[in-house]
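Notes follow once the structure below has been shown.
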Amino acid sequence: MAEFAIAPAPVPTVPIEGEAQAFPVRRILCVGQNYAAHRAEMGGDDRAPPFFFSKPSDAVVPPGRDPAYPSRTQNLHHEIELVVAIGKPGADVAPDAALDLIFGYAVGVDLTRRDLQAAAKGAGKPWDAAKGFDDSAPISAIRRWSKAPPAGRIRLSVNGETRQDATLDDMIWNVAEIVSEASKLWALAPGDLIFTGTPEGVGPLSRGDRVEGEVEGVGRLAFTVA
Ligand code: MN
């Protein structure tokens, strides 16, 4: 292999609960509008299928670090999400085989520059600056998981006040369907993370806000907007 002309970027990692070895992040895919009440609050169409967008792998903010408030926005929003960590490769996988690809689950927040997203939507432009910015994917440790997907509550509070509180049963597409659909668009590989969408109650964050999130049975995350 050729030597590098510049130092290669470090591999972004997420800790694995109870283990010394970390999970190396390859790619971050995200599902848009996967809960009916959130789709309605965003003005979405109930008949449209969910869709994917992505964040760069180095957008992850592992536990113990605080995300920086991003530049060029006046309306940073929180979106609490169940995150799927992929541990085996798979392309064009059927839903009934999709769970075999899963390494585990984590709790993530899809931070969003809502003002830039609204402008992009209105102009028919891409969402990269609204979704894929530095520090836009705070995440908990990954919990290894080999049984049926989590089915409990998903919650987020800001400064102790509950903002989002729903159940994973409210997802329009379930975990198996999301992994299957993603695998038809991309060849999934170990290290991929899939953010599975957020329930209703998204809202703005300010510098200094304390954000706490939980997915029942999966874990918790907490950070302060720096
Ligand atoms: Mn989201």
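Heavy-atom basis, side chains included; hydrogens, waters and symmetry copies ignored. Just follow the structure's listing: the first ligand is 1, and inside any ligand the first atom is 1.
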Single hit among K131, Q117, H77 for side chain to side chain donor-acceptor pair (under 3.5 Å) with T112: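 Single side chain to side chain donor-acceptor pair (under 3.5 Å) partner of T112 among K131, Q117, H77: K131.
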Distance-only donor-acceptor check, side chains H78 and Q164, under 3.5 Å: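 Distance-only check passes for H78 and Q164.
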Option passing salt bridge (Lys or Arg N to Asp or Glu O under 4.0 Å) with D192 (candidates K55, K88, R26):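 Passing option: R26.
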Taking everything shown except [X] itself, do over 12 heavy atoms lie less than 6.0 Å from its [atom1]?
{"X": "K121", "atom1": "NZ", "value": "yes"}
{"X": "D134", "atom1": "CG", "value": "no"}
{"X": "K184", "atom1": "NZ", "value": "yes"}

Residue and atom names of protein N/O/S atoms that fall under 2.8 Å from the Mn ion (ligand 1):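 Listed by chain and number: E79 OE1, E81 OE2, D110 OD2.
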